[in-house]
Amino acid sequence: MTSKIHVKDSFWLLLAIIILLDPNGIFLYFLAAAAIHELGHWIVIRLCHGTVTRFEISAAGGAMQYHLPRLSVRSEVLIALGGPFFGLVLWLAAGLLHHELLAGASLVLSIFNLLPIPPLDGGRALDCLFAPGHPLSQALAAFFSALILFLGIYAGICHNGWGLCLIGLLLTLERQTGLHSLRIQGKI
């Protein structure tokens with residue numbers, strides 16, 4: 001019997017590095033926000049009468065594979081936006097309870113995931129509304145990937161914060177890889 005939950009070695013490595021480099025424990029707030037985010041996707045999948053067939057956790061985040069009895073654009077968009085929605089609910093609740101670090105982590109994670117860049121949730125929602133590789137989706141993804149990359153370069157040069165630059169670079173590369181895959185499959 002195979003497990004539905006798969007934790008990749010990259011997640012454990014990232015966790016160990018962050019625990020060593022995060023003496024204030026801020027990463028734990030992001031981990032809690034990410035757990036609620038993924039729970040949001042799971043709840044919406046269940047509300048759409050679907051089942052999760054596999055959940056994979058890696059350094060890049062969580063990814064669910066699921067089966068729906070009836071596939072529809074509406075259900076796919078709702079599932080893609082379910083994680084950020086629950087993250088925003090957590091932001092509101094944590095803010096009302098004066099848990100500023102948890103609220104902040106949840107807000108940052110939710111807004112980041114709403115960016116219209118595949119494989120982020122905002123990009124997945126756009127790909128559901130338009131065909132994957134649609135010119136509007138490509139233009140939005142290219143703009144936001146470049147924006148994050150350039151903001152990251154600025155932060156790196158001016159504030160010695162190269163993390164945002166790395167995220168922008170990874171999103172740009174992921175977008176290019178995804179477009180290459182679509183071209184191979186003949187979808188664009």
L21 and L31: same hydrophobic cluster, using ILVMFWY side-chain contacts below 4.5 Å?
no
Answer whether the closest heavy-atom distance between the side chains of L81 and L114 falls below 4.5 Å.
yes
Smallest heavy-atom separation, L68 atom then G50 atom, equals CD2-CA, 3.6 Å
Between W42 and V52, is there a side-chain heavy-atom distance shorter than 4.5 Å?
yes
Can you name the closest pair of heavy atoms from W91 and S106 and give their distance?
N-OG, 3.7 Å
L126 and P116: which non-hydrogen atoms are nearest, and at how many Å?
CD1-CB, 3.4 Å
Got M64 and I45 here, is their nearest side-chain heavy-atom distance under 4.5 Å?
yes
Expected output: side-chain T53 to main-chain Q65 donor-acceptor under 3.5 Å:
yes
About how many Å separate CG of L71 and SG of C128, when rounded to the nearest 0.5 Å?
8.5 Å
Between atom CZ of R54 and atom OH of Y66, what is the distance when rounded to the nearest 0.5 Å?
15.5 Å
Path from I17 to I19 over hydrophobic side-chain contacts below 4.5 Å:
no
Minimum heavy-atom distance A33-L102, with the two atoms named
N-CD1, 4.3 Å
CZ (R70) and OG (S75) are apart, to the nearest 0.5 Å, by 7.5 Å
Hey, is OH on Y29 packed in by over 12 heavy atoms from elsewhere, all under 6.0 Å?
no
To check you understand the geometry: which heavy-atom pair defines the closest contact between D22 and F27, and what is its length?
OD2-N, 2.6 Å
How many angstroms lie between atom OG of S137 and atom CG of L129, to the nearest 0.5 angstrom?
8.0 Å
Hey, does E56 have a side-chain heavy atom less than 4.5 Å from the side chain of V7?
no
G82 and V44 have their tightest heavy-atom pair at CA-CG2, 3.8 Å
Between R124 and D121, does any NZ, NE, NH1 or NH2 come within less than 4.0 Å of an OD or OE carboxylate oxygen?
yes
Does L28 share a hydrophobic cluster with I26, counting links as ILVMFWY side-chain heavy atoms below 4.5 Å and allowing steps through other members?
no
Are V108 and L88 linked, directly or through intermediate hydrophobic residues, by side-chain heavy-atom contacts shorter than 4.5 Å (ILVMFWY only)?
no
Within this structure, what is the CG-CD1 distance for the pair L120 and I111, rounded to the nearest 0.5 Å?
13.0 Å
Answer yes or no: is there an ion pair linking E76 with R74, defined by an N-O contact shorter than 4.0 Å?
no
Is F86 reachable from I57 through a run of I, L, V, M, F, W or Y residues, each pair having side-chain heavy atoms under 4.5 Å apart?
yes
Using the rule given for side chain to side chain contact (heavy atoms under 4.5 Å, CB included), can you reason through D127 versus H134, listing the C-alpha separation, both sets of side-chain angles and the distance that settles it, and then say yes or no?
CA-CA 8 Å; D127 279 349; H134 188 275; over 6 Å; no
Could you tell me whether a side-chain N or O of H41 sits under 3.5 Å from a main-chain N or O of I79, the two making a donor and an acceptor?
yes
What distance separates L101 CG from F30 CZ, expressed to the nearest 0.5 Å?
9.0 Å
